Protein chains: 2
Amino acid sequence: MEGTPTSRAERRRRTEERILSAARAIFAERGFQRTTIRAVAAAAEVDPALVMQYFGSKQELFEQAVRIPSIPPLDGELEPVEELLGRIGMKMGPLPQATLAMMRSMLTHPDAAEEVRGKLDGQVAQLADAIGSGDAELRAALMVSTMLGVTIAHQLLGLTALRGASPERIAETLRPSLRALADG
Amino acid sequence: MEGTPTSRAERRRRTEERILSAARAIFAERGFQRTTIRAVAAAAEVDPALVMQYFGSKQELFEQAVRIPSIPPLDGELEPVEELLGRIGMKMGPLPQATLAMMRSMLTHPDAAEEVRGKLDGQVAQLADAIGSGDAELRAALMVSTMLGVTIAHQLLGLTALRGASPERIAETLRPSLRALADG
DNA sequence: GTCTATAGTGTGATAGAC
DNA sequence: GTCTATCACACTATAGAC
């Protein structure tokens, strides 16, 4: 029966991906504590026990769901700050659900907090390298914090003044502010 | 026995305040879902049932604990943007625990989200009035979002680059960035 | 391999002893 | 009035039937 179009392994893989996709959506919407295995299973249309069977624990499911390819570190020449900002996440467009899930939980789930802090610290270091002057690290941290704040306000909290604004307009309006931090 | 230095009513008032203080601290540290009535009671050195007796529900306890005097709205003349920023929260110093408790829960507790969104919307409106030009509302929203992000990164997430920085230095370094947004 | 049934834990809330 | 004891519930996780 291994020659059938959908082998056992293939079916398993698809079910697993369906569970992960459902998990990402619900984790992103409710955060770690308030999402239940039951809800994830229901959304993925599988039995709750199957989720446990595949992932072992809620924590493990969360880790798998929010695992995203991280930004490759800079190699060789330093890029201009603008480009770095874009690459780091200044797109301001809709973020991947894995990222939203992580951010949603970062204030109440210690592991998520640790993960996000590490990621942001890394971005600060990259930016600080590109800036290079005296208090570059502080200014880089404030740039990253700014983007964090705008993302939270826009994507997670839904400030009314930002709800209608397009990502491009937000990025455009924000640019002089970030430039002021980068230039010192 | 009503003439004793500590009347029944007075004792009750003090116990209630001790519970609220403990609740603020734990809500600020762990967020709404992860704080238990039992933990609050233990910290306040009272029986868990007493907390329920006084406040009726965990939700009610939370609401009482995070209730803080809100910023009085502007009356009459518009203030300079700088002053408004200071009054709105740009002190960057340690925030009251009630505020931290609210912020800690704002991404995972719908009521907290609603409350924070309302408060921030109000600040945006005040700032937008003070700015006054075409896209004032968007720029005001980005200023508020910036302060939100820096506060989160500094007080709740603990970015390493910000951990050592004094509130004054952070405020000073951030000023040109906010000015760029205010001036357009 | 998948799911039903349930064990085990921690929670908010309540009733009644003192 | 305060607290001990307990309830009812929801959850994660496991074990065993199919």
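Hydrogens, waters and symmetry mates play no part in the numbers below; they use all other heavy atoms, side chains included. Lettering of chains follows the sequences in order, A, B, ..., and the numbering in each one begins at 1. These figures come from a predicted structure and were not determined experimentally.
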Using whole Å, what does the distance between atom C1' of nucleotide C:dC3 and atom CD1 of A:I19 come to? 13 Å
With a 3.5 Å cut-off and no angle check, do the side chains of B:S177 and A:R139 form a donor-acceptor pair? no
From CZ of A:R11 over to P of C:dT2, roughly how many Å is that when rounded to an integer? 7 Å
Hey, are A:E114 and A:H109 close enough side-chain-wise for a donor-acceptor pair under 3.5 Å? no
To the nearest Å, give me how far apart CD (B:E60) and C1' (C:dA13) are. 15 Å
Would you indicate which nucleotide in D:dT2, D:dT14, D:dT4 comes nearest to any side-chain atom of B:L50? D:dT2
Any side-chain N or O of A:Y54 less than 4.0 Å from the OP1 or OP2 oxygen of C:dG1? no
Would you mind classifying the nucleic acid contact of B:T35 as base, sugar-phosphate or nothing, using non-hydrogen atoms under 4.0 angstrom? sugar-phosphate
Given D:dA13, C:dA15, C:dC3, the nucleotide with the shortest approach to the side chain of A:M52: D:dA13
In this structure, how many angstroms lie between the P atom of C:dC3 and the CD atom of A:E45, rounded? 12 Å
Polar pair under 3.5 Å, donor/acceptor by atom type, side chain B:R38, base C:dG10: no
A:K58 NZ - D:dC11 C1' separation (whole Å): 8 Å
Lys/Arg cation over aromatic A:F32: B:R34, 6.0 Å, 45° cone: no
A:F32 CZ to D:dC11 C1', straight-line distance once rounded to whole Å: 12 Å
d(CZ, B:F55; P, C:dA13) in whole Å: 13 Å
Look at atom CZ of B:R12 and say whether more than 12 heavy atoms of other residues, nucleotides or ligands are closer to it than 6.0 Å. yes
Of the candidate nucleotides C:dT4, C:dT2, C:dG12, which contains the atom at the shortest distance from the side chain of B:T36? C:dG12
Tell me: CD1 of A:I37 to C1' of C:dG8, nearest whole Å? 16 Å
Interatomic spacing from CE in B:M52 to CG in B:D47 - rounded to 0.5 Å: 12.0 Å
Options C:dC3, D:dC3, C:dG12, nucleotide nearest the side-chain atoms of A:D47: C:dC3
